[in-house]
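Sequence lines set the chain letters: A, B, ... in the order given, protein chains first and strands last, and positions in each chain run from 1.
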There are 2 protein chains.
Amino acid sequence: MNREGLLGGNYVYWMNVPADRRDIVISCRVRLARNIAGIPFPHLLDPVKGRAIMEQVRAAREGNPGLVLGSMQLLTFDKLDTLARQRLSEKHLCSPEHCASGDGHRGIMLNGDGSLAVMINEEDHLRIQCLLPGLQLKECHALAQQLDDELEQTLDYAFSETTGYLTACPTNVGTGLRASVMLHLPAAQMTGAIKQLLQNVNQLGLAVRGLYGEGSEPAGNFYQISNQITLGQSEEDIYNYLQTIAEQIVEQENLLRERLRADVPYQLEDKIGRAYGILSNARLIGSDEALRMLSMVRLGIDLGIIKDISIFSLNQLMVAIRPAHLQKIGGLPMETVQRDVLRAEVIKQMLSGEEAD
Amino acid sequence: MNREGLLGGNYVYWMNVPADRRDIVISCRVRLARNIAGIPFPHLLDPVKGRAIMEQVRAAREGNPGLVLGSMQLLTFDKLDTLARQRLSEKHLCSPEHCASGDGHRGIMLNGDGSLAVMINEEDHLRIQCLLPGLQLKECHALAQQLDDELEQTLDYAFSETTGYLTACPTNVGTGLRASVMLHLPAAQMTGAIKQLLQNVNQLGLAVRGLYGEGSEPAGNFYQISNQITLGQSEEDIYNYLQTIAEQIVEQENLLRERLRADVPYQLEDKIGRAYGILSNARLIGSDEALRMLSMVRLGIDLGIIKDISIFSLNQLMVAIRPAHLQKIGGLPMETVQRDVLRAEVIKQMLSGEEAD
């Protein structure tokens, strides 16, 4: 999959789950906030100094052709139209806020499959992220760390011996590390256990968000959980803590799924069957309803009730039904009804085994 | 199809629509109320006199082996269990009130395919009915009339030269004729036109009822419309009047269907597609919801949106999902959840082309 695929297609590495994997953790991410010494943070940055950052990143990339860094592609946002940028966000490669701008001093650097990305002049000069399928925070951190090390060979990071990496927002000072996991918790939702579960997660010092991170509401039983503290702990401590809590949530969700199967098997299969029936036969469908139905179908696959659909296809669908991905197929301008019609078509095609991409 | 089929299976003649027919009128019925002279009406009848009526009918049948009457089978309700009687009602061969009793002096006489039936000691001594698919009131009347004539060769009907046939309820005095049509009016429902339409029907002197006649609420967009006046008009006047009004309703429903197709084609196809999806994939479904969904699928077939399902199958399904038909398959006792599960299975089987009968 090349850069064109990441910009246009429905594929990105975190979707790529082996056929036999059934994960309650859909994907995980480690993100490192980094800034260049002696240059104002992006919110105080003028376009000229912003472009200087961009040029430093470009030089670092071009000076290291043999490394991971050297194989990445640098895209400035003045070269990408609004929809192309929005698709990066819909694939979780870029924050919605960052991709909203078409400025030439903002952009993103990507490896071939989207497992590694660096947002440039987002809230910090650099936000290095690694995004993998399932619960692999250690691997995420190792890959992000490797890219960070390669960049540091050329770039002069703002760093203090006492506090660590300096960042635009004080909540990121220190390690600059944020780790997150995307969880799928339909049984917690259906049994009503979700409320207490999320309260517990908050009390453990973690933040709960929706599919699209900060500011997005949870939808379709998908929850992003991430650390809030970056200072005073080692990087390993941070992601190990999240890993432990994620494993506990997974265990609880699995128990609740077993309980539903034992206590209300018909009702459970009914919800799953109907969701599949609606997705396979609707003529128009909104994105919220589609996500809720995809959540039920995913549960059906996890439980072995639905057999002929892969988690990989579902992961692709979750992105393919977003507005900018739909408009890539349907063209502009699209009204809500047209988008709902196209969304229903894309879902029908992918569920019946024809790739919409 | 033999008598066992009428008692047990899902088939009865009114369901038997040719593959190319698309009728808004599902079925039509003519019913003649008749009583034997000199014997009290059934609500004043003791079992002994009741049995005397039964014996008169039996004698009339046995004395005329060459006629339609002679080929019919006489069933007394002490020989049929509760579920078998209830299935006759679910097939529209017998009123729910009549089949509630297991008395030996009550019963029904049926021809082989259920197009002709005579309820014995229901509200009147005899209620002769003919039930045909589509809008064929003239044919209904001719067949009921023929059976009536055959019975009258032997039986001494209570008849007055001034008022006509005498009946237990004054509303039936005169011709003793009630004609009805079962209409499927989803577009009138979806556009909100149904309210005015039913008001008009009432003002024209006709009664509006549900799928199971007197006392049943309309469900799934199915409405039974019948004459209320039986006195002072000829039999032809009565059914011709109903025929004319039914034709006008059909015209209006067709116009509303065309308008929906023109104005909200996607929403219409969506409702139809989702109904099909739910019926094909639900694990449990109640009878009200099933009827609503079957109504949408029927509309889909009428409009050519759904192609692989026959109206004949749908007619069978409307009866096969009723409680006593389900219990014929599932046995007794069945709780609501079990019945809802079995109903979903029966629907799934019949929609996928396997007959559940």
Enclosure of [X] [atom1] (heavy-atom neighbours >12, cutoff 6.0 Å):
{"X": "A:R259", "atom1": "CZ", "result": "no"}
{"X": "B:F222", "atom1": "CZ", "result": "yes"}
{"X": "B:D263", "atom1": "CG", "result": "yes"}
{"X": "A:Q199", "atom1": "CD", "result": "yes"}
{"X": "B:E247", "atom1": "CD", "result": "yes"}

> Between CG of B:N281 and OH of A:Y276, what distance do you get to the nearest 0.5 Å?
Replying inline: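 Here the rounded value is 6.5 Å.
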>> For the CZ atom of B:R283 and the CD1 atom of A:I272, what is their distance to the nearest 0.5 Å?
In response: 11.0 Å
>> Between A:D270 (side chain only) and B:A282 (backbone N and O only), is there a donor and an acceptor less than 3.5 Å apart?
In response: no
> Which answer fits A:I285, side chain, backbone, both or neither, if we ask what part of it has an atom under 4.5 Å from a heavy atom of chain B?
Replying inline: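 Its backbone and side chain both get close to chain B.
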> Which one of B:L268, B:L284, B:L279 has the most heavy-atom pairs closer than 4.5 Å to chain A?
Replying inline: B:L284
> What heavy-atom pair brings A:Q267 and B:V337 nearest, and what distance separates the two atoms?
Replying inline: NE2-CG2, 4.4 Å
> Is there a side-chain contact between A:I278 and B:R274 (heavy atoms, below 4.5 Å)?
Replying inline: yes
